[in-house]
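The structure under discussion appears below in the form of structure tokens.
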There are 2 protein chains.
Amino acid sequence: MADTEMAEILYELEVGGHKLTPLRLALIEIFGRQQRPLLLEELGKLLMGTLIRVHRATLYRELVFLESRKIIATVSLEDGKRRYEFADRDHHHHLVCTSCKKIEDVELKDDEHGLDKLVKTQNDFLITHHSLEFFGLCGACK
Amino acid sequence: MADTEMAEILYELEVGGHKLTPLRLALIEIFGRQQRPLLLEELGKLLMGTLIRVHRATLYRELVFLESRKIIATVSLEDGKRRYEFADRDHHHHLVCTSCKKIEDVELKDDEHGLDKLVKTQNDFLITHHSLEFFGLCGACK
DNA sequence: TCTTCAAACGCGACACTGTCGCGTTAGTAA
DNA sequence: TTACTAACGCGACAGTGTCGCGTTTGAAGA
């Protein structure tokens, strides 16, 4: 994450009357650095790397808060477990290795434009966004 | 679901030494009839329509069993809740209404062929399948 | 029809997850 | 330094999913 991006986020929080607490700063830093969706469990481990210890309820509340401010977004993959990732980024998709469970971000070639238009028109449906994940084997597991 | 399809499933179960219990038959019937992913909660309500009452653990075990036999598959949408749907069907995707939460199945136009090829090749990743969901507003909610 | 066997089941226990209310702490501005 | 309130810790709680174990029952054979 670029420093200016970080500064923007912090500025908006301050303007909104929100405190820059150690947990909040640490989470924004972690999400900015990790370019992949994180399980709550993984988040906990990364927090252990800092000196920050918080109650379960506090962490959940903070994630709900960060999501409400569009700083992070929730992602849902095939296993049904909720994951969180940094939100202020280009539209992208995920590659999930079915063997080692590693998740990478991936961008599509230009051809993606119009993906939403592929839907058969008989469905009287106004599409606003989509979610696309690819599953398979990563380089190490092939 | 076609009757022959149903007969095939039951035959394979018998050959595998598995019993055709009331719960199992009811679930296969329900999944065959409902052409959309079902929450555990919705499944419970549909079972109430039959005279079948089972313990929570039994239902979970049965779902795991049916999934292991590829009779049903789990689906995961944006809300992180696990859903189940009949598996023996053509490859398709979902339309999720963000307002009324209704979920429809949808097929793409021919252009879909090659979706897996859109992934930028620098990712040393062997793609086996993908999952694609569209979100927006259905006809009634627009 | 009766017997037999293992698949399937019910039940209770358990750990885990996510949320809530409430009293306390601490970041920020004055 | 003070005051305000966002954020926090804690305990309680309901919901979810799994496990072990003793019991029941579907299905095949006597």
Side-chain angles (χ1 to χ4, degrees), chain A residues 6-7 9-31 37-45 47-48 50-69 71-84, chain B residues 6-7 9-31 37-45 47-48 50-69 71-84:
Chain A
M6 175 76 153
I9 291 176
L10 301 187
Y11 175 72
E12 280 177 23
L13 286 176
E14 283 187 309
V15 168
H18 297 287
K19 299 179 184 174
L20 303 182
T21 65
L23 171 63
R24 185 160 294 164
L25 292 171
L27 285 179
I28 293 174
E29 228 256 51
I30 286 172
F31 281 114
L38 297 170
L39 289 169
L40 193 86
E41 178 194 338
E42 297 173 304
L43 214 43
K45 283 183 189 165
L47 276 178
M48 294 295 265
T50 70
L51 294 177
I52 298 165
R53 300 289 174 276
V54 290
H55 191 266
R56 188 172 69 245
T58 303
L59 182 51
Y60 280 115
R61 272 191 289 237
E62 187 60 26
L63 289 171
V64 168
F65 171 79
L66 291 176
E67 194 183 355
S68 76
R69 309 294 305 203
I71 294 170
I72 63 171
T74 58
V75 182
S76 185
L77 301 177
E78 225 174 28
D79 61 3
K81 291 178 186 165
R82 210 183 303 176
R83 286 175 173 80
Y84 305 85
Chain B
M6 175 76 151
I9 291 176
L10 300 186
Y11 175 73
E12 280 177 24
L13 286 176
E14 283 186 308
V15 168
H18 297 286
K19 300 180 184 175
L20 304 182
T21 64
L23 171 64
R24 185 159 294 164
L25 291 171
L27 285 179
I28 292 174
E29 228 254 49
I30 287 173
F31 281 114
L38 297 171
L39 289 169
L40 193 87
E41 178 193 340
E42 297 174 303
L43 214 43
K45 284 184 189 162
L47 277 178
M48 294 294 267
T50 69
L51 294 177
I52 297 164
R53 300 289 175 276
V54 290
H55 191 269
R56 188 173 70 243
T58 303
L59 181 51
Y60 279 116
R61 271 191 290 237
E62 187 60 24
L63 289 171
V64 169
F65 172 80
L66 291 176
E67 193 183 355
S68 76
R69 309 295 303 203
I71 294 170
I72 62 171
T74 59
V75 182
S76 185
L77 302 178
E78 224 175 27
D79 61 4
K81 292 179 186 165
R82 210 184 301 177
R83 287 176 172 80
Y84 305 86

Could you tell me the separation between the [atom1] atom of [X] and the [atom2] atom of [Y], rounded to the nearest 0.5 Å?
X      : Y      : atom1 : atom2 : value
E12(A) : H18(A) : CD    : NE2   : 11.0 Å
F31(A) : I71(A) : CZ    : CD1   : 10.5 Å
E42(B) : K45(B) : CD    : NZ    : 7.5 Å
L20(A) : Y11(A) : CG    : OH    : 13.0 Å

Choosing from [options], which nucleotide comes nearest the side chain of [X]?
X      : options                   : answer
T58(A) : dG17(D), dC8(D), dG12(C)  : dC8(D)
K19(A) : dA7(C), dT28(C), dT17(C)  : dT28(C)
T21(A) : dG27(C), dT16(D), dC19(D) : dG27(C)

- Query: Of E14(A) and E41(A), whose nearest nucleotide on DNA chain C comes first from the 5' end?
  - Reply: E41(A)
- Residue closer to the 5' end of DNA chain C, H18(B) versus R56(B) (nearest nucleotide):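 The residue mapped nearer the 5' terminus is H18(B).
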- Task: For F65(A) and for L40(B), find the nucleotide of DNA chain D with the closest heavy atom, then tell me which residue's nucleotide is more 5'.
- Result: F65(A)
- Task: Take V64(B) and P22(B), find for each the nucleotide of DNA chain D with the closest heavy atom, and name the residue whose nucleotide sits nearer the 5' end.
- Result: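 It is V64(B) whose nearest nucleotide is closer to the 5' end.
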- Item | Distance test, side-chain N/O of Y60(A) to OP1/OP2 of dT19(C), below 4.0 Å |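 Answer no for this pair, as no side-chain N or O of Y60(A) is under 4.0 Å from OP1 or OP2.
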Expressed in angstrom and rounded to an integer, what is the separation of [X] atom [atom1] from [N] atom [atom2]?
X      : N       : atom1 : atom2 : value
L66(B) : dA7(C)  : CG    : P     : 16 Å
R82(B) : dG18(C) : CZ    : P     : 12 Å
I52(B) : dG10(C) : CD1   : P     : 10 Å
E62(A) : dA26(C) : CD    : P     : 16 Å
L23(A) : dC8(D)  : CG    : P     : 5 Å
L63(A) : dG18(C) : CG    : P     : 10 Å
R61(A) : dC20(C) : CZ    : C1'   : 8 Å
L25(B) : dG26(D) : CG    : C1'   : 11 Å

- Starting from the C-alpha separation in whole Å, work towards a yes-or-no answer on side-chain contact (heavy atoms from CB on, under 4.5 Å) for L40(A) and R82(A). CA-CA 8 Å; L40(A) 193 86; R82(A) 210 183 303 176; over 6 Å; no
